[in-house]
**Q** 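Starting off with a structure, shown below.
Atoms considered below: every heavy atom in the structure, side chains included; atoms not considered: hydrogens, waters and symmetry mates.
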Amino acid sequence: MPQESNYDDFAKDYADENEFSMLNAYYERPATLELAGDVADRNILDIGCGAGPLAEQLTSRGATVSGFDTSQGMVELARQRLGGGSDIKVATLGEQLPYEDDSFDDAIASLVFHYLPDWSYALEEVRRVLKPGGRLIMSVNHPILYPFNHRGKDYFQLTQYTDEVTFNGKSAELTYWHRPLHETMTALISAGFAIERVWEPPYDKDAPEGVIPEELRERDAFLSFLFFSLRAN
């Protein structure tokens, strides 16, 4: 299933921004790692691995990590980061994955499912490559963001939309699919996943002062992404 956002157009700029940005380095990645917990000796699939910052941290904590991304540019950056022997492939979520059944203890999908209009086959494939009882940890755009940032739009409609963003000081466009929360939950349950935790985490309080906007510094709640810890039945 092709994705509208082409990260090859801005792979290096995105990777540079991702390294130190509030949303990635001090919000999404710390929350994902907290959900993952102790990963020593676990075999983990990094779905939409990008330039490899999460895979690198998981590896440093004792996990064996394989990863894939639809962007050739991102895969090349990840291989440079993780070393020539790393198991990083070009593949697309929503198509058949290049892994055997029951291959992984965990799969982590950071900010990737919201690029897909239909989650059915993607979740089926993730469940196939997970061992029985394996975990899927995922983060997606929080569904409240679409009607908040696009006033007058219908929260309850599955909708494709495009946002203009800036990576490393350069403009780019990302195209997502908004889905209401009930459709997200239905897709996960229908795919055979038990929901263990739904989380709206705070940002990392150890973030450098200049990274966090002043108006957020004293807040414990911060809505940008929604996190799930799921178990394959």
**Q** Look up atom CD1 in Ile47 and atom CG in Leu54, then write down how far apart they are to the nearest 0.5 Å.
**A**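 Between atom CD1 of Ile47 and atom CG of Leu54 there are 11.0 Å.
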**Q** Using 30° and 60° as the class boundaries, would you call the ring planes of Tyr99 and Phe104 parallel, tilted or perpendicular?
**A**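 Taking Phe104 first and then Tyr99, their aromatic rings stand perpendicular (interplane angle over 60°).
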**Q** Any chance the side chains of Thr64 and Asn43 put a donor and an acceptor closer than 3.5 Å?
**A**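 No, because no side-chain N or O of Thr64 sits under 3.5 Å from a partner of the opposite role on Asn43.
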**Q** Parallel under 30°, tilted from 30 to 60°, perpendicular over 60°: which one fits the rings of Phe227 and Tyr27?
**A**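 Aromatic pair Phe227/Tyr27 classed perpendicular.
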**Q** With side-chain hydrogen bond (donor to acceptor under 3.5 Å, both in side chains) as the criterion, how do Glu28 and Ser110 come out once you've worked through the C-alpha distance, each side chain's angles and the decisive distance to 0.1 Å?
**A** CA-CA 8 Å; Glu28 197 282 332; Ser110 294; 3.1 Å; yes
**Q** Looking at Lys12, I'd like to know if its NZ atom is crowded, meaning that more than 12 non-hydrogen atoms belonging to other residues, nucleotides or ligands lie closer than 6.0 Å.
**A**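 Result for NZ/Lys12: open.
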**Q** Run the ring-ring contact (aromatic ring centres under 6.0 Å, His included) test on Tyr14 and Phe167 for me, step by step, so that the C-alpha distance in whole Å, both residues' side-chain angles and the decisive distance to 0.1 Å come before the verdict.
**A** CA-CA 5 Å; Tyr14 175 83; Phe167 297 133; 5.0 Å; yes
**Q** Looking at every non-hydrogen atom in both residues, tell me the closest pair between Phe225 and Leu23 and how far apart they are.
**A**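 Of all heavy-atom pairs spanning Phe225 and Leu23, the closest is CE1-O, 3.8 Å.
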**Q** Does atom CZ of Phe148 have more than 12 heavy-atom neighbours, drawn from other residues, nucleotides or ligands, at distances under 6.0 Å?
**A**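 No, CZ of Phe148 has 12 or fewer neighbouring heavy atoms, counting only those of other groups under 6.0 Å.
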**Q** Specify the closest pair of heavy atoms between Val90 and Gln72, including all atoms of both residues, with the distance to one decimal.
**A**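 For Val90 versus Gln72, the nearest heavy atoms are CG2-OE1, 3.2 Å.
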**Q** Rounded to the nearest 0.5 Å, what's the gap from CG on Asp163 to CG on Leu174? Could you check?
**A**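 Here the rounded value is 7.5 Å.
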**Q** To the nearest 0.5 Å, how far apart are OH in Tyr203 and OG in Ser224?
**A**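 Answer rounded to 0.5 Å: 14.0 Å.
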**Q** For the side chain of Ser71 and the backbone of Met74, is there at least one donor-acceptor N/O pair under 3.5 Å apart?
**A**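 Indeed, once roles are kept as given, a pair shorter than 3.5 Å links the two residues.
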**Q** Is the side chain of Asp204 donor-acceptor paired with the backbone N or O of Ala25 at a distance under 3.5 Å, no angle test?
**A**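 The answer is no, because no donor-acceptor pair under 3.5 Å joins these two groups.
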**Q** Report yes or no: does Thr186 contribute a side-chain atom to a donor-acceptor pair with the main-chain N or O of Glu183 at less than 3.5 Å?
**A**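 Not confirmed, Thr186 side chain does not pair with Glu183 backbone.
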**Q** Measuring from Phe10:CZ to Thr166:OG1, what's the distance to the nearest 0.5 Å?
**A**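 Rounded to the nearest 0.5 Å, the CZ-OG1 separation comes out at 11.5 Å.
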**Q** Between Glu124 and Arg127, does any side-chain N to carboxylate O distance fall below 4.0 Å?
**A**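 Judged by the 4.0 Å cut-off on N to carboxylate O distance, Glu124 and Arg127 do not form a salt bridge.
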**Q** Going from CZ on Arg29 to OG on Ser21, what distance comes out if it is rounded to the nearest 0.5 angstrom?
**A**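 It comes to 7.0 Å.
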**Q** Within the side chain of Glu125, is there an N or O that forms a donor-acceptor pair under 3.5 Å with the backbone of Leu97?
**A**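 Flag set: sc Glu125 to bb Leu97 pair under 3.5 Å.
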**Q** Look at the side-chain heavy atoms of Ile, Leu, Val, Met, Phe, Trp and Tyr, link any pair under 4.5 Å apart, and say whether Leu111 and Ile88 land in one connected group.
**A**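 Unlinked, Leu111 and Ile88 end up in two clusters.
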**Q** Would you say the side-chain atoms of Ser120 and Asp118 include a donor-acceptor pair closer than 3.5 Å?
**A**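 A donor-acceptor contact under 3.5 Å links the two side chains.
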**Q** So which heavy atom on Leu123 is nearest to which on Ala191, and how close?
**A**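 Taking every non-hydrogen atom into account, CB-CB, 3.6 Å.
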**Q** Considering non-hydrogen atoms only, spot the tightest contact between Asn233 and Ala194 and give its length.
**A**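 Here Asn233 and Ala194 meet closest at OD1-CB, 3.5 Å.
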**Q** Has Asp106 got a side-chain atom pairing as donor or acceptor with Ile44's backbone, closer than 3.5 angstrom?
**A**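 A pair under 3.5 Å: no.
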**Q** Parallel under 30°, tilted from 30 to 60°, perpendicular over 60°: which one fits the rings of Tyr115 and Tyr7?
**A**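 Perpendicular.
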**Q** Look up atom NE2 in His114 and atom OH in Tyr146, then write down how far apart they are to the nearest 0.5 Å.
**A**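 It is 15.0 Å, given to the nearest 0.5 Å.
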**Q** Could you pull out the closest heavy-atom pair between Asp41 and Asp105, with the gap in Å?
**A**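 Closest approach of Asp41 to Asp105, heavy atoms only: O-OD2, 4.3 Å.
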**Q** What are the two closest non-hydrogen atoms of Pro117 and Arg179, and how far apart are they?
**A**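 Minimum heavy-atom contact is O-NH2, 2.9 Å.
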